[in-house]
Amino acid sequence: MRDIVVVNPDHFSTFTNGYILSNIEFDRQHIWHPYTSAIDPLPCYEVTGAKGATIELKNGKTLIDGMSSWWAAIHGYNHPVLNQAAKQQVDAFSHVMFGGLTHEPAVSLCRTLLTIAPEGLNRVFLADSGSVSVEVALKMALQYWACQGRKEKHKVLTPRNGYHGDTFAAMSVCDPINGMHSLFSGVLNKQVFAPAPQTRFDQTFSEDDILPLQELFERHHHELAALIIEPVVQGAGGMRIYHPEYLKRCRQLCDAYDVLLICDEIATGFGRTGKLFGCDHAQISPDIMCLGKALTGGYMTLAATLCTEDVAQGVCQGDPGVFMHGPTFMGNPLACAVANASLSIIGQGAWRNQVAAIETQLKAELTVCRSLSAVQDVRVLGAIGVVETRSAVDVGRIQKQCVEKGIWIRPFGKLVYIMPPYIITQEQLSTLTSGIYDILANL
Ligand SMILES: Cc1ncc(COP(=O)(O)O)c(C=O)c1O
């Protein structure tokens with residue numbers, strides 16, 4: 001038997017010249033952060049706590065959170081109900097494999113999801129992240145057609161400016177230019193891209209908006225397995241808010257041309273846009289729907305792919321007769337228990353007034369940014385506020401200014417945006433919006 005190797009901390013730069021590296025310096029030298037260079041990383045700020053709509057830094061600063069940790073922490077941090085659910089589940093069991101076993105937290109979660117989801121969705125596949133739930137959705141669509149003897153239906157139609165995750169199939173349906181993945185274009189599956197929807201949420205819908213999509217359906221329907229779209233708000237591909245009629249037409253075109261509709265509600269789900277799901281603005285039901293992010297109130301990673309009975313039956317007819325996917329942490333009980341607690345808070349309904357109040361305040365307080373020379377556009381829907389600048393901003397510089405002002409946002413490209421926890425107070429939100437105004441006024 002081999003001896004256990006005792007790791008020499010020096011190998012990991014815990015010490016440099018006899019000094020212990022601070023966490024921040026160790027992090028900078030060894031840990032990769034999202035979309036960040038290993039050679040010249042953006043600065044990071046060390047967190048020691050988070051509560052409600054605030055994040056506490058090690059340097060003693062308290063920041064008002066404008067990001068909900070990327071759309072997820074809708075009820076705020078350190079929520080007593082979510083904490084209690086996690087603690088209770090830890091004491092029962094944290095994880096068991098989902099192959100051949102099931103448990104109350106998963107069953108209860110899937111019951112609730114199917115009760116609140118758009119009509120017709122009847123089966124749930126629990127996945128471990130948003131990107132994986134998109135992989136699962138695409139795989140379901142391809143397997144569905146393959147099992148009907150229609151293997152030629154293997155492409156996916158999607159509007160430009162979309163974002164669906166960072167894994168390979170998900171990357172193939174992200175905007176090919178904006179989508180952060182252009183480097184991989186040579187190896188990604190070739191999908192069919194439509195122009196992005198142009199009619200804004202509150203404009204009169206223009207018929208011209210749907211014509212290019214209709215033409216693509218006519219030309220490609222024989223090879224299309226599915227259309228994938230983020231309902232009403234295109235998130236990381238441009239933070240664009242479009243007219244629900246476009247989504248309604250997507251449903252109609254999918255029906256007319258025998259193509260499955262996949263709605264990616266990972267960012268828009270659970271009230272963020274002012275309705276429980278983005279689909280609800282258009283009163284449509286997809287064939288397949290992806291959920292994630294706020295599913296656990298931002299406590300831990302969990303996602304779900306829901307589908308209709310028709311899709312489920314279609315996928316499992318013929319060879320191989322099963323759906324070929326099964327992550328190790330599928331249906332993790334701890335994550336399901338917290339998701340159940342989060343959904344119980346959603347079920348109480350306070351989010352409706354909270355999101356409506358945030359929308360009113362964002363409209364009032366962010367619109368003034370339009371007068372700034374650096375600003376191109378301002379758009380708001382539900383608890384989402386976007387300020388688009390004329391040229392790309394310096395993220396590191398803006399974040400430093402934000403931290404000095406006691407607020408937390410994370411812009412990308414030309415997009416300075418906020419989507420705060422629903423429980424944010426009016427005063428906290430004003431601190432965020434006035435901070436953004438001041439920073440953009442001095443760009
Ligand atoms: C619409 C949408 N789909 C998919 C994803 C990927 O989710 P995850 O980061 O959990 O893999 C995201 C993440 O931002 C998203 O906004």
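As the structure lists them, so they are numbered: ligands from 1, and atoms in each ligand from 1. For the single chain, residues carry numbers from 1 onward in sequence order. Predicted, not measured: the structure shown is a model, and the values here were computed from it.
Within the structure, the closest approach of Lys293 to ligand 1 falls below 4.0 Å when heavy atoms are considered. Under the 4.0 angstrom criterion for non-hydrogen atoms, Gly235 is not in contact with ligand 1.
Of all the heavy atoms of Trp71, none lies under 4.0 Å from any atom of ligand 1, so neither backbone nor side chain is involved.
Without hydrogens or angle criteria, Thr296 side chain to Leu302 main chain gives no donor-acceptor distance under 3.5 Å. Using a distance-only test at 3.5 Å, with no hydrogens or angles considered, no donor-acceptor pair links the side chain of Glu230 to the main chain of His164.
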* Asked: Are Arg251 and Ser285 close enough, and set up right, to give a side chain to side chain donor-acceptor pair (under 3.5 Å), and what steps lead you there?
  -> CA-CA 8 Å; Arg251 177 69 276 177; Ser285 290; over 6 Å; no
* Give the intermediate values and the outcome of ring pair (Phe, Tyr, Trp, His ring centres under 6.0 Å) for residues Phe125 and Phe323. => CA-CA 10 Å; Phe125 187 101; Phe323 182 55; 5.5 Å; yes
* **Test log, rule ring pair (Phe, Tyr, Trp, His ring centres under 6.0 Å), inputs Phe217 and His221** => CA-CA 5 Å; Phe217 265 100; His221 65 96; 8.5 Å; no
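Using modelled atom types and a 3.5 Å distance limit, the side chains of Glu135 and Thr167 yield a donor-acceptor pair.
Residue Ala267 approaches ligand 1 through these ligand atoms, each under 4.0 Å from one of its heavy atoms: 16 (O).
Relative to atom 8 (P) of ligand 1, the option among Gly278, Gly162, Ser133, Gly130 with the closest non-hydrogen atom is Gly130.
Here the heavy atom of the protein found nearest to atom 9 (O) of ligand 1 is Ser131 OG, 4.4 Å. Among all non-hydrogen protein atoms, the one lying nearest atom 12 (C) of ligand 1 is Tyr163 CE2, 3.5 Å. Of all protein heavy atoms, the one closest to atom 3 (N) of ligand 1 is Asp264 OD2, 2.7 Å.
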